[in-house]
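All of these numbers come straight from a predicted model, not from anything done at the bench. When a residue number appears, it is its place in the shown sequence, counting from 1.
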Amino acid sequence: MRLFGLVVAAIAVTACGEGSAAKSPEPDVGRTGNAKASPIPDRPGERTFRDWYAVCDNANACYAFGRASEGVGWVRIALAAGPDARPGVVVGFWPENGSFGGPLTARVDGTDLIAATDAVGDEDDYPAATVRADQVTRLIDAMGQGEAMTLAAGAETVTISLSGAAASLLWIDERQGRLGTSTALIRKGDRTASSVPAGPVVPEVTPAPAVSQGRYGDQEGQTLPAAVAALPDVVQCRADTDFNPDLQAAIVSAKLDANTVLWGVPCGAGAYNFANAWFTTRPDGSNPRRLTFPSTGEPLDLLVNAAYDPATRVIDAFDKGRGLGDCGTASSWTWTDRGFVLRSGTAMPDCYGVPSEYWPTFWVTR
């Protein structure tokens, strides 16, 4: 079951009233709002084409992912919306010794076409590398016509299936209005780049002013207000975590504004994920209300591996699909004068070694 039936229009959070939605651009893709943007899709979309997976976010920045035929390996093609955007390619796989001794190369169908990557970092870096800009177009052209691509680093190799690559790139061309233009990924033509529409204007999210936290925070020894502790949902959470007194004691609190306090209640834990339910009260502990958060699927009443930063007014959550952290969802919400609104959303539905910093975005904001 696919993870991402995005809820994107006027997405409300039950936080003393209202909410809305949003995320920040990824540096290597580059997005800009444009008041004269053409009416191209402003809702996220995703498609699977055989062994390839394609995503476009609400700014119409698009990504296409291919995976290894066997083992762990991947390639990502990313292209922002608009006439001036240029594609980028990142490749990666997990070598046996955990790091590469030099650059990666990419060879399509065993031909002489080899795309060298920028130098890979030391062993503390992710085993991923960027194809050099002057070789990106040739590599994408070859991938669109090929059957398999081989990544090599020293003596180690991994094969990436290209079944579905052309269809993924064609879907992106169509969605971004590039068909028949010089900027198309797969179906180039004589139309000039200036005919490609700009991306949609993305929502702006403005955090509420920061407030002094006083006695609130993550410090030990906090107790829930009686009105929160008595809620049936909290009673159930306490029962579900009674196997771990230290987990039960990890109560989170924060002052959101003069009239609102945030409470995080531990509600479950596994090997690499822990979940909190979130509530608001008045400063005196009265009027408890449970929060639900918009997400890349159904609204969430639990956040996994989440933390609130009172300086930025942001809750970040990272739900790992497995311990390696190469699949799952990562989202953030900002506290505004309208309550919590979705600031960002990225996700990777399948586990084939893609580090979270290279996951596709679904929702972005200014």
Side-chain angles (χ1 to χ4, degrees), residues 2 4 26 28-31 38 40-41 43-69 73-92 106-109 111 113-115 117 128 130-151 159-193 195-199 347-350 352 354 358-362:
R2 188 59 78 186
F4 322 112
E26 202 179 68
D28 64 335
V29 176
R31 305 170 183 75
S38 297
I40 57 179
R43 287 177 174 270
E46 61 173 348
R47 292 285 301 274
T48 297
F49 301 93
R50 297 187 179 178
D51 295 332
W52 278 64
Y53 173 59
V55 173
C56 295
D57 66 21
N58 62 307
N60 222 31
C62 297
Y63 309 80
F65 286 83
R67 57 182 171 82
S69 302
W74 55 276
V75 57
R76 185 191 80 167
I77 299 171
L79 181 59
D84 299 325
R86 296 294 179 266
V89 179
V90 180
V91 296
R107 185 191 296 267
V108 176
D109 287 348
T111 66
L113 174 68
I114 296 179
T117 66
T130 303
V131 174
R132 291 204 286 261
D134 61 348
Q135 302 191 40
V136 165
T137 299
R138 285 197 311 143
L139 180 60
I140 291 177
D141 289 347
M143 291 168 66
Q145 302 174 48
E147 295 183 1
M149 179 171 71
T150 301
L151 303 180
T159 300
I160 304 294
S161 170
L162 296 179
S163 177
S168 297
L169 300 179
L170 183 63
W171 181 74
I172 291 173
D173 280 343
E174 182 177 15
R175 183 168 175 110
Q176 292 188 338
R178 298 185 186 279
L179 292 174
T181 74
S182 58
T183 73
L185 292 170
I186 195 71
R187 188 174 290 178
K188 293 179 170 61
D190 297 330
R191 291 171 53 212
T192 63
S195 65
V196 176
M348 194 68 205
D350 299 310
Y352 44 83
V354 183
Y358 297 108
W359 292 358
T361 59
F362 280 82

Spacing of [X] atom [atom1] and [Y] atom [atom2] [to the nearest 0.5 Å]:
X      : Y      : atom1 : atom2 : value
Gln176 : Cys62  : CD    : SG    : 4.0 Å
Ile140 : Gln145 : CD1   : CD    : 12.5 Å
Trp171 : Cys56  : CH2   : SG    : 4.0 Å

- Task: Given side chain to side chain contact (heavy atoms under 4.5 Å, CB included), test Ile77 with Tyr63 step by step and report yes or no.
- Result: CA-CA 6 Å; Ile77 299 171; Tyr63 309 80; over 6 Å; no
List the atom of [X], the atom of [Y], and the distance in Å for their closest heavy-atom pair.
X      : Y      : value
Ala128 : Tyr358 : CB-CE1, 3.8 Å
Pro360 : Met348 : CD-SD, 3.8 Å
Ala80  : Ala85  : O-CB, 3.2 Å
Pro83  : Pro197 : CD-O, 4.2 Å
Phe362 : Ala347 : CE1-CB, 3.8 Å

[X] vs [Y] side-chain heavy atoms within contact, under 4.5 Å:
X      : Y      : result
Thr181 : Thr192 : no
Arg76  : Trp359 : no
Leu79  : Leu185 : yes
Phe65  : Tyr352 : yes
Leu151 : Trp74  : no
Arg67  : Ile160 : no
Val89  : Gln135 : no
Met149 : Thr159 : no

Side chain [X], main chain [Y], donor-acceptor under 3.5 Å:
X      : Y      : answer
Glu46  : Tyr53  : no
Arg138 : Ala142 : no
Arg178 : Gly82  : yes
Ser168 : Gly164 : yes
Asp57  : Ala59  : yes

- Query: Would Leu162 and Val108 satisfy side chain to side chain contact (heavy atoms under 4.5 Å, CB included), going step by step from the backbone distance to the final call?
  - Reply: CA-CA 9 Å; Leu162 296 179; Val108 176; 4.0 Å; yes
- Message: Is it the case that over 12 heavy atoms from other parts of the model lie below 6.0 angstrom from the CG atom of Asp190?
- Response: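 No, the 6.0 Å shell around CG holds no more than 12 heavy atoms from other groups.
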- Message: Counting only heavy atoms not in Arg187 (residues, nucleotides, ligands), do more than 12 fall under 6.0 Å from its CZ?
- Response: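 At most 12 heavy atoms, drawn from other residues, nucleotides or ligands, come within 6.0 Å of this atom.
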- Excluding sequence neighbours, so at least two apart, what forms side chain to side chain contact (heavy atoms under 4.5 Å, CB included) with Ile186?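 Listed in chain order: Ala166, Leu169, Leu170, Asp173.
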- Query: Taking only residues two or more places apart in sequence, or in another chain, which ones meet Ser163 in a side chain to side chain contact (heavy atoms under 4.5 Å, CB included)?
  - Reply: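 Here the qualifying residues are Arg50, Asp51, Ser161.
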- Message: Looking only at side-chain N and O atoms, does Arg107 offer a donor or acceptor that is under 3.5 Å from a partner on Thr150?
- Response: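 The criterion, which ignores hydrogens and geometry beyond distance, is not satisfied for Arg107 and Thr150.
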